Structures are given as C-alpha cells and as structure tokens.
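Worksheet: one structure, shown below.
Given the structure is predicted, the values throughout are model-derived calculations rather than measurements.
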Amino acid sequence: MKSLTHILTIFLILSLSVFSAFSQDKISVKTTSKNLKDSVSVIGTPDSIRVKRDSSLINKDSTKNKGGLQAEVSIIARDSQRTEVDKNISHLYKGAKVKYQDFELSADYIRLDRNKKQIFASGVIDHNGKYVGRPIVMTGSESPKTVDSLLYDYEKQEGNTYGIMTDVEGGFIQAKVVRKNLYDEMSLYHGLYSTCNLPEPHTHFGIFLSKGIVTKNQIIAGPSYLVLQNIPLKFIGFPFAFFPKPDKRSSGFLFPSFGEDYTRGFAMRDIGWYLAFNDYWDSEVRGSLYSKGSYEASINTRYTVNYKYNGGFNIRYASTKRGIEGTDNYGADKDFNVVWNHTQRQEANPGTSFSASVNFGTGSYFRNTGANGVNNINDITRNRMGSSIAYGRVFADGKINFTSTLSHNQDMTKGDIQLQLPNFSLNVSSFNPFDSKDRVDEQKWYQRINVGYSLQGTNTLNSNESKLFRKETLKEFTNGFQHNIPISLSLNAFKYFQFNTSVNYTERWYLQSTRQRMENTKEGYIAVLDTVQGFRRAYDYSVQTGLSTKIYGKYPKIGKIQAIRHVITPSVNINYRPDFSDAMYGFYKNYVDQYGIINRYSIFDKNVYGSPSAGKSMGIGFSVDNNIEAKIKSKSDTTDGGIKKIPLLQGLSISGNYNFVADSMKLSPLNFSGRTALFGEKINVNFNGTLDPYAIDQAGQRYNKYVINEGKLARLTNFGLSFDYSLNPKAAKNRNNNIDSLRSQIGSNMTPEQAQALSRISADPNAFVNFSIPWNLAGSFSFQYSKPGQVSTITSTVNIHGDVSLTPKWKVTFNSGFDLKAKEITLTQFNIYRDLHCWDIAIGWTPFGRYQSYNFTIRAKSSILQDLKLSKRNSSGGSYY
C-alpha cells in the first residue's frame with residue numbers, strides 16, 4: 001500500500017505499463033550521448049527548398065514496398081514544411097503530426113526521411129530559451145507518452161527514445177534510458193517516480209532507481225533511494241531488492257503516522273495491514289497506540305459488484321484512559337462506532353430499491369477520541385446520530401408502492417435512543433372509482449371523486465444507550481398500524497372559484513392500551529399506569545368543504561420600477577369533526593385523583609399513532625397567501641426586453657380557524673410566515689410566527705378575553721427570523737459545483753479520496769480551498785423569540801466564515817460566530833494554506849475554547865500518496881474531558 005516499500009513496488013510495476021506501447025511495436029530501445037547530440041543538431045538545418053503554410057499541410061505517402069510499408073504515412077504541419085528533394089526528407093514545424101497505422105506522433109519539430117524510413121521528433125527552443133513542444137507518442141489504445149526526443153524506424157518498428165515522462169495513477173514517471181529485449185524483459189536506467197508533473201520537479205517526493213530489471217513475474221532493483229525537495233536521501237535506500245509482481249492487488253503493511261496528544265500522550269496512529277481479497281472486496285485493519293495507555297482499533301471494508309451495488313462498513317473501538325492513576329476517577333472509557341453505507345444501482349433490479357446509511361455507537365466516541373485523532377470540530381461537537389436501512393418495491397405498474405425502513409435516532413448529549421424496527425408503508429395511487437376507461441365526454445361531477453389509500457406500520461422503542469441491551473428493555477417495544485382513506489372532490493365553481501370538498505377517515509390498530517388509576521400506599525395515593533395487552537382499534541374522521549380563488553393586483557410605474565404585481569390567494573373552508581371522547585366510542589375513560597377531581601384520559605395516549613382528538617369541532621378555517629414581485633428596467637440584463645423580475649415578498653401567509661361549538665376561546669392562534677430575497681438575491685430572509693388573540697392572566701394562563709379590548713391586535717407568542725448571505729456568490733457557486741461533481745460519481749467510480757473530500761467539503765465551508773477565487777465572505781443569522789405566558793425567551797446567534805488569497809499561492813480561511821444571548825464567541829478557527837504545486841501545506845489554529853489546538857500538515861496532492869504526509873499536532877489539556 002502506501003509504505004515506502006510498496007511505493008517502490010508500485011513504481012516498478014507501473015513502469016512496465018508506461019512503456020508497453022513501444023513493446024507492442026517491438027521497439028528496440030538504444031541510446032548513447034552521441035546519438036542524442038546528433039539528433040538535436042538536426043533542428044534548423046538550412047535547405048534550398050522551403051514551403052510556408054499558414055494553415056495545416058497534409059501529405060500522404062501511399063508507396064507500399066514489398067516487405068515494407070503496409071499503410072499510408074499521413075503528415076500534418078500547422079506552421080510550415082521544408083523539403084529536401086534530393087534526399088527525400090521533409091521537415092515539419094509547429095504542431096506537426098505523423099501517423100502510420102496505429103502509431104501517431106506529434107511534436108513541434110518532426111523530420112521524415114522516406115529513404116531510410118525514419119522519423120525523428122523533438123521540441124524546440126522558444127524565444128524565452130525554454131524547451132517546448134516535446135514529442136507525444138500514441139500507440140493503439142495506450143495512454144499518450146511524452147518524451148524529450150525520438151528516433152523511430154517505422155518500417156522495422158524500432159527506435160530510440162530519450163527522456164520519457166507520463167502520468168500513471170496520480171503519479172508521474174520519468175526515465176532516461178529504457179531497453180527491451182526479445183524475451184519481453186525491460187531494463188531501466190536512471191528512473192524517477194515523482195508527484196510533480198514538471199520535467200524538472202521543483203518540489204517532490206520521489207524514488208530514484210539507478211538500475212532495474214522488470215520481468216513478467218518479478219522485479220529486481222539495484223541501488224535505489226528516496227529524493228525529497230530535489231535532495232537525494234541516499235541513507236534511506238536499498239542496495240538491492242527483489243519483489244514479486246502480481247497482476248492484481250496484494251495485501252501489505254500500512255505505515256503509521258506519529259504525533260502527540262496532550263491528554264493521551266505520544267501516539268502511533270493507524271498502523272495496520274491491508275487485505276486484498278479480490279478485485280471486488282478489500283479491507284484495512286488499523287490500530288493506534290498512545291503512551292498513556294489509550295488505544296483504538298478499526299476495520300474498514302469496501303465491496304462492489306459491477307452494475308449491481310457497492311458499499312462499505314467501518315467498525316471502530318476505542319479505550320480512552322481518563323483521570324490520574326491512583327485517584328478515584330481513574331479508569332477507561334469504552335466506546336465504539338459503526339458506519340455502513342450501501343447503494344444499489346437502479347438498473348440492477350428495476351422496480352426494487354435497497355439502500356443503507358448506518359451510523360451508530362456510543363455518544364462519547366468522537367468526543368473521547370478527538371474525532372478519531374483528527375480533531376474535526378464538526379464530529380466532536382456532533383450531538384445526534386442517525387441510521388436508515390430502506391427497502392422499496394413498486395407493484396401493479398407503479399400504482400402500489402411499498403417501502404420499509406429500519407432506523408435509529410440517537411441524542412449523543414443525553415444518550416437517548418429511538419429505534420424503529422421496522423417502519424413500513426403501503427401507498428396506493430389515488431384513483432377515480434366512478435370514472436370509466438372508455439369515457440369520451442368530459443367528466444361528470446361524480447366521476448371527479450378521487451380516492452386514495454395508505455397503510456403505515458411501526459415497531460418503536462425509546463430508551464437510553466446504557467439500558468439498550470438489557471432483556472427488560474427489549475420488552476418495551478410499542479407497535480401499531482394506521483390506515484388512512486382520503487376522499488376528495490374538486491370542481492370549478494362560478495368561473496373564478498375553486499370548490500374543494502374532502503372526507504378523511506383514519507383507523508389505528510394497537511396491540512396494547514393503557515389504564516390510569518390511583519393506588520393507596522403507605523406514602524399516600526400515587527398515580528399508576530397499567531398496560532393492557534390485547535387488540536384494540538381507534539378511528540376518527542373529519543369533513544371539510546371550501547372555496548378558494550386568486551386576486552391579481554397591479555400597481556403603477558414608479559421610477560425604474562415598470563410594474564408591481566400582487567397575487568392574493570384567499571381560501572375559506574367549513575370543517576366538522578365529532579367529539580371522539582364521548583363514552584359511546586370507548587376511547588376515553590375517567591379516573592378520580594386524590595383530591596376527588598374527575599380526570600379524563602385516552603387509553604391510546606401512549607401509543608405510536610396517538611389517539612383520536614377530544615372535543616367537537618365545527619368551524620370556519622381561513623388563510624390568505626400573498627406574492628409580490630416587481631419588474632425593473634435593467635441596463636445589464638437585456639433578456640426579456642431589458643426587464644428584470646425581482647421577488648419582493650414570497651409566500652406571506654396567515655391562517656387560523658374559528659370553532660363555533662367550543663365552550664370558550666373559539667378563535668385559534670393565527671400562524672404567519674413568509675420569505676424574501678435582498679440585494680440581488682444574495683441574502684435569503686425567512687420569518688414565521690404565531691399571534692394569540694386572547695389575553696393572559698398574571699399566572700400566564702390564557703382566558704376568554706380578546707386582547708383587542710386592551711388596545712392590541714394580538715399577542716406575539718412566537719417569532720423566528722433567519723437569513724444567510726454571501727458577498728461573493730461566485731465562491732459559493734464554485735463550491736456547490738465541486739460538491740455536485742463529486743456526488744455525481746457516487747455509486748460508480750468514486751475513490752476513497754473523493755468520498756473523503758466530499759465529506760469534508762459538505763461539513764466544513766473551509767475544507768475546499770480554491771486559489772482561483774481571491775476572496776469570499778459569507779455568514780448567517782438566526783433569531784428566535786418565545787413568550788407563551790409572562791416570561792419570554794430569546795436566542796440568537798451570528799456565524800461568519802470566509803477566505804482571502806494573500807497571493808496566488810497563499811490563502812487564509814476562517815470561521816467564527818457569536819452567541820448574542822451568552823455574549824461569548826463561538827468556535828473560532830483559522831487555517832493557512834500554501835500551494836506547492838504537487839504538494840500543499842496546511843496550518844490550522846483554534847485559539848481558544850474547549851478545543852484549543854494547532855496543527856501543521858504537509859502532504860502530496862497525488863491520490864496514490866495521500867497518506868504520505870508529515871504532520872505535527874498539539875491540543876489543550878481540556879480537549880476531551
């Protein structure tokens with residue numbers, strides 16, 4: 001894998017594939033310093049005949065000699081061509097190309113000798129004294145190869161190459177001399193594997209091989225050593241090495257990284273072994289050891305079946321020492337975390353779907369391990385985990401849809417867990433039972449009646465992670481089924497109105513119900529809740545009829561505003577629901593408390609789908625929705641006649657209900673909400689709230705008196721406001737495009753590095769560093785106000801993040817925030833990035849707070865060397881406890 005030994009093995013294996021294009025044409029590679037000198041001296045040789053061409057020049061030599069050419073030789077010169085008629089030699093300049101059978105050569109200079117059947121190609125020295133336009137060789141389906149110069153006999157298919165370079169799996173290979181014999185054995189001389197794509201790597205981590213022999217099944221290397229920043233490290237090398245050369249992935253040692261953690265001591269992280277079972281299944285077994293006794297272990301497995309499914313799981317366990325040895329609080333925290341992801345290709349089984357996204361474990365795992373040693377603040381501060389395994393099937397030509405899920409939700413702060421094992425739903429597409437398939441006329445009113453059906457089932461457990469695996473806990477599962485049958489009819493009435501009527505019937509089936517009673521004990525009367533086993537059904541229904549319409553308003557021209565359009569959508573409905581707490585239904589019962597007061601309760605209150613509502617309702621519901629937009633004349637936007645539409649207010653709605661049969665407080669609270677966009681849609685604003693029309697007493701209890709009698713329209717009991725903005729929309733768009741590009745590869749060819757990058761970018765705005773964008777500043781604000789009684793609560797936070805490019809190679813990013821209620825700064829982080837072309841440097845700093853720390857990382861950009869990094873990390877003593 002990524003160990004030093006394996007990198008050397010990869011280099012030698014890949015070298016064989018790099019030069020396989022020449023081996024297919026049986027090129028005998030030979031080189032001497034004299035040949036190189038002579039070949040370069042040909043450039044610019046004067047001649048008596050010179051033909052200038054401003055456009056492409058194409059010649060074809062169709063001569064076929066016996067035992068010689070088997071196809072035409074096609075030549076193209078973008079700039080010019082010189083021909084030596086007496087010698088039958090052509091010189092091609094700038095963008096020259098020669099093609100013969102499946103051999104294609106392009107360079108800034110090509111010499112074609114038809115008498116000798118030879119092609120010589122090289123680059124040229126430009127006006128800046130740089131060697132440019134190097135030859136590029138393409139043979140068959142092989143990837144292009146770049147060389148310094150080339151001499152090739154296209155009849156004998158032999159030639160000499162000098163200074164070859166090509167990219168292979170994220171790295172770049174250069175070799176000075178390559179020789180191949182009749183036994184398909186290849187010799188290397190002065191080869192270099194590097195992470196840099198420059199002809200002279202200015203900064204790289206590489207392996208220099210003085211000599212090497214590659215056969216079909218083995219590699220023999222002579223003196224080899226590491227090269228770092230153009231500095232040869234010959235003391236880190238091998239005088240002689242022998243490696244097997246398998247034709248598939250092989251298992252190997254995973255090299256660890258080293259560091260120091262303030263709370264756990266010196267660390268050797270992620271040492272392990274890579275297990276390559278086959279091309280469809282592999283695993284990594286890793287472990288981390290700390291000098292103060294803590295340790296971690298993990299197994300990460302990936303699997304794939306082409307055109308069917310892919311996925312992987314990661315099981316992690318950690319033992320973290322806490323306290324000081326010899327004290328009462330000394331001990332070890334045992335934590336675990338399990339992650340499983342599975343994706344099925346749609347074409348694998350049409351009509352059926354299966355997916356899994358599982359993440360569960362102890363709530364303290366990320367906090368105790370510092371997010372597995374990387375101090376990712378998003379993982380450390382995570383307070384919830386969730387999992388879902390879903391199966392779906394479509395029946396009856398898509399008219400019936402069945403889905404089933406196993407899910408879990410975990411509050412990592414409190415340790416509370418909710419399990420749903422399983423949930424399922426069966427939905428039938430709505431249909432018109434009285435309509436006819438053979439109907440040719442318009443639908444009659446009764447043929448518009450629409451009926452639907454759905455069935456839900458659940459098996460739920462609410463517990464704490466400390467009690468989860470106890471036998472008595474598993475008996476606390478609650479379950480139930482719910483049927484829902486909606487019937488609706490929609491008609492156009494009086495031309496401008498839409499008439500809607502509906503009947504909704506819901507029935508619930510339960511295997512348990514509850515009874516409440518008072519029990520006389522030595523300590524006095526206490527409330528007792530008994531669970532009664534047995535099948536019980538609960539049902540309810542409601543009827544609603546209403547009218548809605550649209551009112552359009554237009555305001556006159558004001559300055560640059562050409563027009564303002566206002567669309568009002570009012571609706572009113574009459575609704576009815578019986579009182580299902582009546583004794584005739586049997587859903588509600590009474591009990592007398594210790595004070596002799598009769599209390600009514602539902603025997604289904606504790607069940608998963610609840611109980612039918614108590615109280616009779618017959619009233620009028622109403623709502624008003626508003627949308628306002630303006631048309632402004634724009635000089636910059638010439639589309640649609642230079643008129644630009646700007647939304648002023650979207651979705652401003654208010655709704656409520658008046659219950660005629662209620663004993664008191666017949667008017668419900670009024671709910672309102674809306675949204676808009678400001679400054680060219682750079683700021684999105686959302687708001688919502690609740691207005692209570694009734695007054696409250698000194699104890700904060702509502703009573704039957706309108707506050708309008710006190711000179712107020714209503715009491716504002718809840719209000720929420722939030723907005724987010726970016727002063728450089730290009731930066732946000734660039735980041736979103738990058739995420740979309742990575743996501744598009746999920747389920748197909750996504751590499752582990754890309755999956756990790758996607759996770760980082762999605763969670764952290766600063767994880768994606770784009771040096772092409774000079775600056776970015778973005779933030780968000782949220783405000784919540786609540787006053788249901790006499791006491792009010794307010795919460796508000798401000799968050800900001802951004803970055804700035806100091807130079808084209810240096811970038812600084814930051815994120816911070818402020819809690820306006822606590823009057824303190826939230827988590828603050830600074831990062832400095834330096835682009836080193838084929839490497840990069842990152843410095844991170846959290847200056848204060850619980851997770852105060854700093855880290856320094858330098859690593860290769862090459863995907864094959866992503867684990868090859870040097871890092872230094874330090875954190876404060878209060879990082880995890």
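- Counting all heavy atoms, side chain and backbone alike, Phe277 lies closest to Ser283 at CE1-OG, 3.5 Å.
- A search for side-chain contact (heavy atoms from CB on, under 4.5 Å) contacts involving Ser357 returns Asn341, not counting sequence neighbours.
- When the side-chain contact (heavy atoms from CB on, under 4.5 Å) test is applied to Pro223, the partners found at least two apart in sequence or on another chain are Ser210.
- Across all non-hydrogen atoms, the minimal contact from Tyr290 to Gly265 is CD2-O, 4.1 Å.
- Once rounded to the nearest 0.5 Å, the distance linking CG of Asn300 with CG of Leu275 reads 11.5 Å.
- Across every non-hydrogen atom of Ala356 and Ile389, the tightest pair is CB-CG1, 4.1 Å.
- Checked against side-chain contact (heavy atoms from CB on, under 4.5 Å), Leu289 has the following partners two or more places apart in sequence or in another chain: Met268, Tyr295.
- For the side-chain contact (heavy atoms from CB on, under 4.5 Å) test with Phe313, the passing option among Val339, Thr301, Val358, Val338 is Thr301; the others fail.
- We find the CD-CG distance between Glu284 and Leu254 to be 5.5 Å, quoted to the nearest 0.5 Å.
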Under the side chain to side chain contact (heavy atoms under 4.5 Å, CB included) rule, what do Asn815 and Asn799 come out as? Steps first, then yes or no, please.
CA-CA 8 Å; Asn815 66 276; Asn799 292 285; over 6 Å; no

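- With sequence neighbours excluded, the residues forming a side chain to side chain donor-acceptor pair (under 3.5 Å) with Asp335 are Thr362, Ser364, Asn368, listed by chain and number.
- For Asp819, there are no salt bridge (Lys or Arg N to Asp or Glu O under 4.0 Å) partners, not counting sequence neighbours.
- Arg269 has no carboxylate O lying under 4.0 Å from a charged side-chain N of Glu296, or vice versa, which leaves the two without a salt bridge.
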Could you check Asn306 against Tyr280 for side chain to side chain contact (heavy atoms under 4.5 Å, CB included), going step by step and ending with a plain yes or no?
CA-CA 8 Å; Asn306 292 337; Tyr280 310 102; 3.9 Å; yes

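- For Ser816, the side chain to side chain donor-acceptor pair (under 3.5 Å) test picks out Thr828, with sequence neighbours left out.
- Rounding to the nearest 0.5 angstrom, the gap separating the OH atom in Tyr833 from the CH2 atom in Trp810 is 13.0 Å.
- Among all heavy-atom pairs drawn from Lys321 and Lys292, the shortest one is CG-O, 3.5 Å.
- Annotation: side chain to side chain donor-acceptor pair (under 3.5 Å) contacts of Ser796 (sequence neighbours excluded): none.
- Annotation: side-chain contact (heavy atoms from CB on, under 4.5 Å) contacts of Gln418 (sequence neighbours excluded): Asn409, Gln420, Thr460, Asn462.
- Annotation: the span from Ile299 atom CD1 to Arg286 atom CZ amounts to 12.0 Å, rounded to 0.5 Å.
- Between atom CG of residue Asn337 and atom CG of residue Asn314 there is a gap of 7.5 Å, rounded to the nearest 0.5 Å.
- In terms of the side chain to side chain donor-acceptor pair (under 3.5 Å) criterion, residue partners of Asn464 (sequence neighbours excluded) are, by chain and number, Asp416, Ser466.
- Taking CG from Leu461 and NE2 from His408, the interatomic distance works out to 12.0 Å, rounded to the nearest 0.5 Å.
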In sequence, state the C-alpha distance, the side-chain angles, and the governing distance for Ser294 and Thr320, and then conclude on side chain to side chain contact (heavy atoms under 4.5 Å, CB included).
CA-CA 5 Å; Ser294 300; Thr320 307; 4.0 Å; yes

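- The ring pair (Phe, Tyr, Trp, His ring centres under 6.0 Å) analysis of residues 321-344, with sequence neighbours excluded, yields the pairs Tyr303-His342, Tyr309-His342, His342-Phe354.
- When atom types are taken as modelled, the side chain of Ser387 and the backbone of Asn359 share a donor-acceptor pair closer than 3.5 angstrom.
- Around atom NZ of Lys308, no more than 12 heavy atoms belonging to other residues, nucleotides or ligands sit under 6.0 Å away.
- Legend: residues meeting ring pair (Phe, Tyr, Trp, His ring centres under 6.0 Å) with Phe830, ordered by chain and number and at least two apart, are Trp845.
- Shown are Thr813, Leu777, Val812; of these, the side-chain contact (heavy atoms from CB on, under 4.5 Å) with Asp803 is made only by Thr813.
- The two atoms that bring Leu406 and Leu421 nearest to each other are CD2-CA, 3.9 Å, heavy atoms only.
- Remark: Phe781 pairs with Phe723 by the ring pair (Phe, Tyr, Trp, His ring centres under 6.0 Å) rule, at least two apart or across chains.
- In terms of heavy-atom proximity, Thr795 sits nearest to Lys821 at CG2-CD, 4.3 Å.
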